[in-house]
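We name chains A, B, ... by the order of the sequence lines, and we start the count at 1 in each one. Heavy atoms only: backbone and side chains are in, while hydrogens, waters and symmetry mates are out.
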Amino acid sequence: MAEKKRIDFKQIESKWQQRWAEDELYRTADLPDKDNKFYMLVMFAYPSGDIHMGHFRNYIIGDAVARQQMMMGKNVLHPFGWDAFGLPAERAAIQRGIHPEEWTLSNIEVSKRTLQKVGISFDWSREIASCLPDYYKWTQWMFIQMFKRGLAVRKKSWVNWDPVDKTVLANEQVKDGFAERSGAKVEKKELVGWYFKITDYADQLIDDLDKLPEWPDNVKAMQREWIGRSHGLEVDFVIEETGEKLPIFTTRPDTIYGVTYMAIAPESDLIDRLKLDGEHAKMVADYRQTALARSEIDRAAATGEKDGVFTGKYAINPFTNERVQLWVADYVLAGYGTGAVMAVPAHDTRDFAFARKYKLPIRVVIQSGGDSVTDGALLDEAFVEYGPMMNSDRFNGLSGAEAIAAVSDFAEKESIGRKVTNYKLKDWSISRQRYWGCPIPIVHCEKCGPVAVPDDQLPVTLPKVENYLPKGRSPLADVPEFMNVTCPECGGKAERDPDTMDTFVCSSWYQLRYVDPHNEKEPFSREKANAWMPIDLYVGGITHATGHLIYFRFFTKFLRDIGWIDFDEPARRLFNHGMVMDAHGEVMSKSKGNVVSPVAVMEERGIDVARLAMFFTAPSDKEVMWSEDGITGVEKFLINKLLPLLESYRSSMPDLKQYFNLNDLTGFDRNIYVKLNQTVKKCSESFERLQFNTAISAVMELIRDYDPDKISSDQLNDSVVLKAIQLIAPLAPHTAEELWSLSGMDGSVFRSGWPQFDPDAIVGDMIEIAVQVNGKLRDSINVPADSSQDAVEQVAFDSERVKGHTDGRQVIKKIYVPGRLLNIVVKG
RNA sequence: GCGAAAGUGGCGGAAUUGGUAGACGCGCUGGAUUUAGGAUCCAGUUCCGUGAGGAGUGGGGGUUCGAGUCCCCCCUUUCGCACCA
């Protein structure tokens with residue numbers, strides 16, 4: 001009975017994992033040689049207790065790169081840790097009565113054990129967890145640095161309120177008006193909380209994107225869009241009755257003569273100062289109430305009807321001294337610009353719709369070209385493009401950028417306006433009214449106001465509490481022992497800030513803690529940070545494009561400004577891996593019941609098979625549809641091709657750093673040597689692009705062509721075998737290490753060096769040249785690699801198939817691409 | 001609506017800078033071996049055509065000796081932002 005080859009994967013896996021741990025293969029030097037370091041980082045992970053396919057893919061990509069860099073002789077930093085604060089722990093506490101800390105730490109244990117079984121080359125001696133006091137002490141320190149420089153501010157503001165989790169959310173945590181985590185419809189609420197003034201860095205955050213050539217364009221585009229910088233003019237309109245200034249922001253100063261009404265956001269406190277009376281007062285009050293009750297999503301619905309109400313008051317356009325009606329309208333956003341707009345119905349689609357609905361005047365001030373409509377009443381839609389100004393006094397005829405500049409300059413000269421830049425980006429709201437987070441290290445004193453907790457009293461540790469049920473205020477507020485303190489400044493009675501920080505604060509600086517994870521005196525050593533940073537390759541999902549990836553750039557710039565680091569971008573290269581879907585292209589989720597566990601696959605087929613299958617299915621940045629079919633090919637390759645390689649090994653102990661002399665090789669030896677070098681070249685390029693699928697296919701081809709019976713040189717035979725093992729090692733580390741060890745080579749394959757190709761041996765003796773006639777392929781000829789163009793042409797013109805297309809016709813031109821093709825251009 | 005990316009065999013996907021489209025793998029077909037095989041090996045496999053040959057990278061134009069690759073228009077899909085004045 002023919003026996004199926006059975007490989008004891010588990011034995012090989014555990015043997016090498018143990019050996020690697022004992023030999024501290026992944027242990028990193030404290031201070032690397034700055035020119036020879038590689039910081040490989042995968043994104044901070046929430047310890048949910050299980051490892052799914054997405055994690056698996058993320059980590060094996062990082063692992064392959066880390067191992068290859070290690071082979072290339074780099075000092076590799078490849079750490080891992082846990083983004084361990086957050087709501088799931090609190091939910092578990094509420095539902096099952098387990099303390100969030102206990103729940104989190106036990107999840108970390110489980111996740112860590114699983115990851116260790118996967119054989120990822122993390123340096124576990126640098127593991128960190130953001131929920132532990134030795135870490136969050138420094139998160140608090142970061143907060144205080146911000147506070148001291150006026151970048152952490154407390155203010156009352158309209159916030160996104162999650163009515164399910166009963167906490168504030170950052171804009172980045174709201175998707176289409178719904179809370180990303182809980183799924184609840186987000187409400188608007190006015191609340192006091194802490195903000196990081198990330199808007200102070202808006203320009204740098206946009207401009208420095210140009211310093212990141214190795215970041216994907218889509219991420220950079222998303223960040224630009226998110227920050228949303230726009231240049232324009234702020235114009236001071238005046239409220240007729242009170243004389244109060246009513247500044248508005250516009251990017252279209254060239255339409256200022258077309259203003260026919262003005263509109264204020266319902267949230268604006270300006271309304272309170274209008275001294276409304278009678279009927280208008282009541283209507284406006286009613287309107288504000290209903291508008292504010294509407295959720296963001298209802299208000300933002302692009303198709304939704306715009307509505308509003310007239311205040312009974314008028315504003316004066318400083319350019320024309322004309323009085324226009326002042327409205328309250330919910331299409332005006334309180335949080336952008338000044339919360340009020342000038343309305344130009346003829347040249348803005350929203351204003352047009354609004355004016356039509358409420359029968360407000362429409363005045364054309366921009367010519368739309370040709371026989372343009374100049375009567376607003378006859379317009380079908382707003383003309384929003386640039387064109388020559390008309391009905392605009394001294395500015396008539398100017399258009400586009402020139403017009404905008406002229407109007408803006410005039411406004412500045414007359415002191416009725418100023419050029420300003422506005423951003424969509426808002427200050428980062430970081431207060432959370434929840435328990436399981438990093439306490440805000442601030443004490444509120446009646447006399448001194450908010451005071452930072454002195455450094456020597458950090459960390460402010462989380463107290464134990466009885467009840468985590470969300471009630472809309474932090475559970476810490478109900479712990480008097482925690483809350484009641486004396487003011488560090490005046491010694492008087494004071495209270496702690498009861499809120500905890502957004503977990504994105506914790507993950508904004510973790511990459512720096514890894515360089516010095518056990519430092520008790522500082523968040524990290526500057527020397528180590530400057531040596532290891534920036535991250536050379538940062539791998540994670542695209543989901544963080546406008547959240548974490550902006551925050552951690554912001555922190556980096558801030559720390560540079562206060563002198564802690566000397567670089568201004570945290571990651572040189574960013575790579576977003578594609579999602580893992582099920583075989584039908586559906587997102588894997590527990591509710592759909594289509595989750596395939598990488599652990600189950602590894603248990604059944606072995607870790608290296610699971611890894612190769614994931615790598616081989618698609619390039620790393622593409623979405624993958626995981627199916628059993630994808631495993632078949634690589635499993636056969638590993639079992640039937642890779643593992644038996646040593647059967648033909650001849651123990652000649654070749655020096656792998658030494659090239660052969662191509663001229664000394666003949667016949668098959670020569671061919672396979674060329675193939676070997678082509679493979680090395682192709683693999684190296686594939687690794688650089690993180691396209692491991694093509695690296696695997698290159699090694700498959702090499703082994704397909706490899707035929708030990710035809711190789712005469714023992715050293716060459718063994719070089720092919722050993723280099724194939726080296727090339728596949730970052731992708732299938734356990735198998736490769738096993739083979740390497742069985743070959744009798746010294747030490748770990750991961751210390752053996754990455755193969756270099758012999759530049760003299762990537763072209764074979766005979767090359768195939770494509771012969772085209774008028775650009776169409778007619779024949780393919782084999783010629784010696786060193787053939788001259790004349791020699792190639794001679795063979796080409798001898799070809800019957802070529803003759804059939806050239807005979808009797810005049811050759812006009814011959815294009816020869818050396819080593820590739822000959823194109824004969826004929827006429828007639 | 002705005003912005004970005006992508007459309008290649010039955011399928012996953014190859015093809016740095018324009019230079020033999022379909023590497024590698026799955027699947028399928030035929031054969032070998034075998035008591036048998038869901039094992040292994042060999043051969044074939046873009047489509048049309050018996051063939052010579054022709055067509056072919058979402059569709060249509062263009063640049064070029066030559067286009068999957070560059071330019072223009074259109075279609076489709078995915079993602080992001082969505083009243084940002």
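In this view, A:Lys622 satisfies the salt bridge (charged side-chain N to carboxylate O under 4.0 Å, His left out) rule with no residue, not counting sequence neighbours. Listed by chain and residue number, A:Lys710 satisfy the salt bridge (charged side-chain N to carboxylate O under 4.0 Å, His left out) test with A:Asp707 (two or more places apart in sequence, or in another chain). Evaluation of the ring-ring contact (aromatic ring centres under 6.0 Å, His included) rule for A:Phe352 yields no partner, not counting sequence neighbours. Residues meeting the ring-ring contact (aromatic ring centres under 6.0 Å, His included) test with A:Phe56, sequence neighbours left out: none. Qualifying ring-ring contact (aromatic ring centres under 6.0 Å, His included) partners for A:Tyr358, counting only residues two or more places apart in sequence or in other chains: A:Trp327, A:Phe354. Taking the salt bridge (charged side-chain N to carboxylate O under 4.0 Å, His left out) definition, one finds that A:Arg801 meets it with A:Asp779, sequence neighbours left out. Qualifying ring-ring contact (aromatic ring centres under 6.0 Å, His included) partners for A:Phe616, counting only residues two or more places apart in sequence or in other chains: none. Looking at residues two or more places apart in sequence or on another chain, you find a side chain to side chain contact (heavy atoms under 4.5 Å, CB included) between A:Lys813 and A:Ile815, A:Val825.
Using atom P as the reference point in both B:U46 and B:C24, the two lie 12 Å apart (nearest Å). Between B:U63 and B:G18, the distance separating the two C1' atoms is 12 Å to the nearest Å. Taking atom C1' on both nucleotides, B:G38 is separated from B:A55 by 39 Å, rounded to a whole Å. One C1' atom belongs to B:U64, the other to B:G10, and the distance between them is 35 Å to the nearest Å. Separation of the P atoms belonging to B:U69 and B:U57 is 9 Å when rounded to the nearest angstrom. When the C1' atom is used for both B:G54 and B:A5, the distance is 35 Å, rounded to whole Å. On the C1' atoms, B:U34 is 43 Å away from B:G53, given to the nearest whole Å. Using P as the reference atom, B:G56 and B:C72 are 23 Å apart when rounded to the nearest Å.
A:Lys675 comes within 4.0 angstrom of nothing in the nucleic acid, heavy atoms only. Residue A:Ser627 is out of contact with every strand shown, counting any heavy-atom pair closer than 4.0 Å.
Heavy-atom minimum distance, A:Ser620 versus A:Ile61: CB-CD1, 3.6 Å. Considering every non-hydrogen atom in both A:Ala796 and A:Val802, the closest pair reads O-CB, 3.4 Å.
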Please tabulate, for the side chains in residues 213-221 of chain A, all donor-acceptor contacts under 3.5 angstrom to protein atoms that are two or more places apart in sequence or on a different chain.
from     : atom 1 : to       : atom 2 : distance (Å)
A:Trp215 : NE1    : A:Ala571 : O      : 2.9
A:Lys220 : NZ     : A:Leu212 : O      : 2.8

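Contact check for A:Asp203 versus A:Arg229: side-chain heavy atoms found under the 4.5 Å cut-off. Side-chain atoms of A:Asp608 and A:Phe9, non-hydrogen and from C-beta on, never get closer than 4.5 Å to each other.
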Mark up nucleotides 13-25 of chain B, 5' to 3', with B wherever a protein heavy atom is under 4.0 angstrom from a base atom, S wherever such an atom reaches only the sugar-phosphate, and - elsewhere. SSSB--BB--BBS

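A:Ile542 places its CD1 atom 11 Å from the P atom of B:C81, with the value rounded to the nearest Å. Rounding to whole angstrom units, CD1 of residue A:Ile631 and P of B:G12 are separated by 17 Å. The distance from atom CD1 of A:Ile550 to atom C1' of B:G80 is 12 Å, rounded to the nearest whole Å. Here the C1' atom of nucleotide B:A6 and the CG atom of A:Asn576 are 16 Å apart, to the nearest Å. The distance between atom NE2 of A:His544 and atom P of B:C79, rounded to the nearest whole Å, is 18 Å.
In this structure, B:G22 shows a glycosidic angle more than 90 degrees from zero, which is the anti conformation.
Between A:Met625 and A:Asn422, the one whose closest nucleotide on RNA chain B sits nearer the 5' end is A:Met625.
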Give RNA chain B the dot-bracket treatment, 5' to 3': Watson-Crick (N1-N3 with N6-O4 or O6-N4) or G-U (N1-O2, O6-N3) under 3.5 Å, [ ] crossing, | other strand. (((((((..(((......[....)))((((((.......))))))(((....)))..(((((..]....))))))))))))....

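Checking the phosphate oxygens (OP1, OP2) of B:C41, a side-chain nitrogen or oxygen of A:Lys641 falls inside 4.0 Å. Look at A:Tyr336 and you'll find a side-chain N or O under 4.0 angstrom from OP1 or OP2 of B:A85.
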Show me the protein contacts with nucleotides 46-55 of chain B, counting only N or O atoms at under 3.5 Å.
from  : atom 1 : to       : atom 2 : distance (Å)
B:G54 : OP2    : A:Arg778 : NH1    : 3.3
B:A55 : OP2    : A:Lys776 : NZ     : 3.2

